[in-house]
There are 4 protein chains.
Amino acid sequence: MARERKFSIDELFHETNQLLLKHGYDGFTFGLLADSLNVSRGALYKYFENKDELLTNFIFYEMDQFLLKLKQIDDQQGFEAQFDFLLQLIFSHVDIQKLIKIAQQIPGNEEKFGKLHFDMYQYLQGFIELGKQEGKLKSTIPNALILGYIFQSVAIPNHFDIPTSVWVSSIKEIIRHGMFTNT
Amino acid sequence: MARERKFSIDELFHETNQLLLKHGYDGFTFGLLADSLNVSRGALYKYFENKDELLTNFIFYEMDQFLLKLKQIDDQQGFEAQFDFLLQLIFSHVDIQKLIKIAQQIPGNEEKFGKLHFDMYQYLQGFIELGKQEGKLKSTIPNALILGYIFQSVAIPNHFDIPTSVWVSSIKEIIRHGMFTNT
Amino acid sequence: MARERKFSIDELFHETNQLLLKHGYDGFTFGLLADSLNVSRGALYKYFENKDELLTNFIFYEMDQFLLKLKQIDDQQGFEAQFDFLLQLIFSHVDIQKLIKIAQQIPGNEEKFGKLHFDMYQYLQGFIELGKQEGKLKSTIPNALILGYIFQSVAIPNHFDIPTSVWVSSIKEIIRHGMFTNT
Amino acid sequence: MARERKFSIDELFHETNQLLLKHGYDGFTFGLLADSLNVSRGALYKYFENKDELLTNFIFYEMDQFLLKLKQIDDQQGFEAQFDFLLQLIFSHVDIQKLIKIAQQIPGNEEKFGKLHFDMYQYLQGFIELGKQEGKLKSTIPNALILGYIFQSVAIPNHFDIPTSVWVSSIKEIIRHGMFTNT
DNA sequence: GATGAATGAGAATTCATTCAT
DNA sequence: TATGAATGAATTCTCATTCAT
């Protein structure tokens with residue numbers, strides 16, 4: 001009965017993603033988004049009361065998607081398989097880390113997203129424990145650091161355009177056995 | 001007979017540092033800085049044509065300071081000593097990484113700062129080469145990744161407040177020999 | 001076979017009344033009204049071309065209702081009875097005064113409502129004349145002031161919550177014989 | 001040293017007064033005011049953080065001016081003189097009543113201005129008491145109503161342009177001895 | 001008749017920047 | 001040099017109103 005929508009929430013989220021990564025939290029504006037979608041600013045306010053609500057919703061949505069996939073780590077048999085799964089997942093969702101950082105800038109959500117981050121870590125406790133039980137992971141290293149390290153590795157800027165395969169396998173090697181030889 | 005300056009560039013840079021880290025690129029304003037220094041906005045424009053020029057100058061200055069110290073790595077004898085020196089330096093200049101990220105947001109400076117980052121890496125080529133010559137560093141890992149990894153490690157958020165000494169020594173261990181056992 | 005109306009004009013006017021008194025002319029919006037009636041904004045535009053038309057219609061309607069009752073003043077025998085009737089009527093329609101003030105804010109209706117106000121006064125000429133003929137009302141006081149005074153008395157804010165009966169009888173006393181003693 | 005001001009706070013308040021009375025609380029905008037003063041909107045924000053702060057300040061200022069004059073009522077000898085003084089004052093500050101009503105619309109100031117109104121009444125307790133002591137004012141009428149009535153009388157709209165002198169003396173007559181004859 | 005989308009104009013507010021003194 | 005004023009552009013947000021279904 002009503003007029004047909006000029007854009008879907010999916011499209012809106014898609015554009016939001018692009019613009020957010022490109023311009024950052026402060027640089028992202030309703031004007032930018034409206035232009036991307038070829039709609040008026042006002043139209044966006046029908047769906048989200050303000051910028052922060054939009055971004056909060058969007059990032060929660062993305063995080064949920066990511067956590068859903070992360071959950072599948074439990075389907076992998078053995079620590080090594082889980083490790084590979086995790087790295088592959090992280091590398092195919094590079095932007096999630098950036099979004100999380102952006103999320104932390106949204107005023108009023110500090111705890112909310114702090115918690116989310118925390119949850120994600122919690123989520124991987126099983127994986128860590130398994131690694132330590134299997135004697136694969138060094139028991140002396142704090143769990144938080146292990147996870148932090150793995151997640152962080154995705155953020156190392158590849159300024160020199162080293163081929164992805166080399167890059168990724170090197171990272172795995174460092175994570176596993178470090179950059180020092182055993183001599 | 002000139003009127004005495006109400007503030008020195010040192011003070012200006014010091015406040016800039018504080019405010020920039022606290023509020024980020026967009027959040028940093030001349031108003032904020034002027035208030036911190038108890039001067040008028042207008043006065044700041046006598047020294048820097050605009051916000052971006054100020055920030056560019058400031059970050060270059062900081063980077064120079066850092067590079068100066070980094071240069072001292074050559075005074076260290078042997079790769080192991082240089083490695084320790086580098087890590088200690090990075091951990092005592094945590095904010096440099098943040099400033100670099102901020103620098104990348106300044107429009108028109110993309111390459112400029114890309115280059116600076118690049119230079120810093122260049123700077124450490126000697127260190128890397130030494131490590132590989134001494135047979136300490138795995139020769140298969142790209143130099144850029146080695147440095148990237150080392151620098152990045154400082155940015156892993158210690159959400160669970162693990163004591164610094166444990167944190168740092170664990171990081172060193174991972175960098176050296178990874179998080180996997182050798183079994 | 002037409003779809004049944006989801007709301008009657010009576011309901012619409014009733015809600016308009018509430019909202020108008022609560023939020024004032026500027027604060028009253030179609031959105032507010034639509035929500036109260038559980039209809040869409042758009043639906044309201046089927047009945048009234050715009051906000052001002054709605055409010056104009058509504059206030060005219062209310063005024064008509066009020067004038068209808070006011071007309072009954074002629075049924076009262078004698079000036080004293082008419083006086084009591086009038087006061088009782090005014091006190092039981094406190095909001096009419098507010099609506100009239102609001103009406104004066106509607107752009108383009110200045111004269112229209114000026115006239116309406118005027119008419120109401122005209123309406124009570126008979127009452128005034130009777131009072132003066134009966135020698136009850138001081139002939140020196142302009143008719144407009146007599147009516148203005150009576151109507152205005154309803155608008156005195158009772159900040160200290162003096163009981164209505166005391167309040168009203170005191171007002172009557174002032175209107176009749178003033179607040180000064182006769183000494 | 002700095003540029004000369006294009007407008008003074010006095011001019012600003014003067015224009016505010018005009019515009020506020022003409023357009024009401026909602027209708028009053030910084031744009032309107034800026035235009036009146038031939039300045040940019042932005043300039044106004046140097047003096048007042050926002051519309052409400054401006055209006056609050058302005059109205060407080062006006063009220064203070066008024067209360068200052070009101071205080072002089074104590075210089076008048078005897079109740080009759082005070083009564084005349086009060087009426088003359090009120091009639092020469094017709095707009096104060098309107099401003100007070102507007103003040104009540106400013107969100108967050110409800111109590112603040114409620115109190116101010118209250119204070120003004122308190123201020124006149126002495127006058128009322130004197131009137132009752134001298135046996136001039138009917139002791140049965142609540143003080144609040146006496147004052148309310150006096151203040152309110154200024155607000156009766158003189159739609160028919162009755163000459164001020166007649167209007168005012170008639171009002172005084174009604175206040176003193178009512179509109180009824182003594183028969 | 002009714003809906004819900006979309007528009008577009010206007011208002012508040014913030015700042016980088018310019019300018020007269 | 002420094003000041004404090006003023007500007008103007010950008011941004012957020014709110015509605016009255018229009019429109020396709």
Side-chain angles (χ1 to χ4, degrees), chain A residues 1-8 26-34 37-54, chain B residues 1-7 26-34 37-55, chain C residues 1-7 26-34 37-55, chain D residues 1-8 26-34 37-54:
Chain A
M1 256 165 159
R3 209 158 158 179
E4 199 181 356
R5 280 192 178 201
K6 286 187 64 179
F7 62 96
S8 67
D26 288 288
F28 175 89
T29 71
F30 265 40
L32 231 40
L33 180 56
L37 293 168
N38 279 107
V39 247
S40 67
R41 270 193 244 293
L44 301 177
Y45 283 89
K46 286 279 146 36
Y47 302 95
F48 300 98
E49 294 224 325
N50 55 48
K51 172 174 160 174
D52 287 347
E53 196 201 301
L54 161 59
Chain B
M1 269 308 169
R3 198 187 295 204
E4 202 184 351
R5 282 192 179 191
K6 288 193 59 184
F7 60 95
D26 287 285
F28 176 88
T29 72
F30 264 40
L32 234 39
L33 181 56
L37 293 168
N38 280 108
V39 243
S40 68
R41 268 195 242 290
L44 300 176
Y45 281 90
K46 287 285 148 19
Y47 299 93
F48 301 98
E49 293 228 322
N50 55 48
K51 172 172 161 174
D52 288 347
E53 195 201 303
L54 161 60
L55 293 185
Chain C
M1 267 309 168
R3 197 188 296 206
E4 201 184 354
R5 281 193 177 190
K6 287 191 60 182
F7 61 95
D26 289 284
F28 176 88
T29 73
F30 265 40
L32 233 39
L33 181 56
L37 293 168
N38 281 105
V39 243
S40 66
R41 265 196 247 289
L44 300 177
Y45 282 89
K46 288 286 154 7
Y47 299 93
F48 301 97
E49 293 227 321
N50 55 47
K51 171 173 162 174
D52 287 348
E53 196 201 301
L54 162 59
L55 293 185
Chain D
M1 255 163 155
R3 209 156 156 183
E4 201 181 353
R5 280 191 179 203
K6 286 185 64 180
F7 64 96
S8 67
D26 288 288
F28 176 89
T29 72
F30 264 40
L32 231 40
L33 181 55
L37 293 168
N38 280 106
V39 249
S40 67
R41 269 195 246 294
L44 301 177
Y45 283 89
K46 286 277 144 40
Y47 303 94
F48 300 96
E49 295 223 326
N50 55 50
K51 172 173 160 174
D52 287 348
E53 195 201 301
L54 161 58

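Values reported hereafter were calculated over all heavy atoms of this structure, with side chains retained and with hydrogens, waters and symmetry mates removed. The structure displayed is predicted, hence computed values, not measured ones. So that the names make sense, note that chain A is the first sequence line, chain B the second, and so on, each numbered from 1.
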*Check B/R41 against B/G31 and note the closest heavy-atom contact, atom names and distance.*
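Closest heavy-atom pair between B/R41 and B/G31: NH1-CA, 2.8 Å.
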*Does D/K6 use its side chain to pair, donor to acceptor, with the backbone of D/A43 at less than 3.5 Å?*
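Side chain of D/K6 to backbone of D/A43: no pair is present.
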*Could you go through the side-chain contact (heavy atoms from CB on, under 4.5 Å) check for A/L54 and A/L44 one step at a time?*
CA-CA 9 Å; A/L54 161 59; A/L44 301 177; 5.9 Å; no
If I take atom [atom1] in residue [X] and atom [atom2] in nucleotide [N], what distance separates them, rounded to the nearest angstrom?
X: A/R5; N: E/dA6; atom1: CZ; atom2: P; answer: 7 Å
X: D/F28; N: E/dA12; atom1: CZ; atom2: P; answer: 9 Å
X: A/D26; N: E/dC15; atom1: CG; atom2: C1'; answer: 13 Å
X: A/K51; N: E/dT14; atom1: NZ; atom2: C1'; answer: 13 Å
X: D/Y45; N: F/dA10; atom1: OH; atom2: C1'; answer: 14 Å
X: D/N50; N: F/dC13; atom1: CG; atom2: C1'; answer: 15 Å
X: D/F30; N: E/dT13; atom1: CZ; atom2: P; answer: 7 Å
X: A/R41; N: F/dC15; atom1: CZ; atom2: P; answer: 17 Å

*asked:* What verdict does the side-chain contact (heavy atoms from CB on, under 4.5 Å) test give for C/L33 and C/T29, after you've listed the backbone C-alpha separation in whole Å, the side-chain angles of each residue and the deciding distance to 0.1 Å?
replied: CA-CA 6 Å; C/L33 181 56; C/T29 73; over 6 Å; no
*Please map the stems of DNA chain E, keeping only stretches of three or more Watson-Crick or G-U wobble pairs with both distances under 3.5 angstrom.*
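When the pairs of DNA chain E are grouped into runs of at least three, the stems are E:2-21 with F:2-21.
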*asked:* Does E/dA20 have OP1 or OP2 under 4.0 Å away from a side-chain N or O of D/K6?
replied: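 Answer is no, no contact under 4.0 Å.
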By the 4.0 Å heavy-atom rule, please label [X] as base, sugar-phosphate, or nothing.
X: D/S40; result: base
X: A/Y47; result: sugar-phosphate
X: C/F48; result: nothing

_Quick check on DNA chain F: between C/G42 and D/G42, whose nearest nucleotide comes earlier from the 5' end?_
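So the residue in question is D/G42.
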*Start at the 5' end of DNA chain F and walk down; is the nucleotide closest to C/D52 or to D/V39 reached first?*
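This one resolves to D/V39.
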*Mind checking whether C/F48 and C/F30 have ring centres under 6.0 Å apart?*
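Between C/F30 and C/F48, which both carry aromatic rings, the centre distance is not below 6.0 Å.
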*Residues which pass side-chain contact (heavy atoms from CB on, under 4.5 Å) with A/D26, listed by chain and number, not counting sequence neighbours*: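 side-chain contact (heavy atoms from CB on, under 4.5 Å) check on A/D26 returns A/Q105, B/D26.
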*asked:* With a 3.5 Å cut-off and heavy atoms only, can you find an N or O donor on one side and an acceptor on the other between the side chain of A/K46 and the base of E/dA5?
replied: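 For A/K46, whose side chain was compared with the base of E/dA5, there is no donor-acceptor pair (under 3.5 Å).
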*asked:* Starting the side chain at C-beta, find the nucleotide from E/dA2, E/dA12, F/dA6 nearest to D/A43.
replied: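 Between E/dA2, E/dA12, F/dA6, the one nearest the side chain of D/A43 would be F/dA6.
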*How many angstroms lie between atom NZ of D/K46 and atom OG of D/S40, to the nearest 0.5 angstrom?*
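Output value for this atom pair is 8.0 Å.
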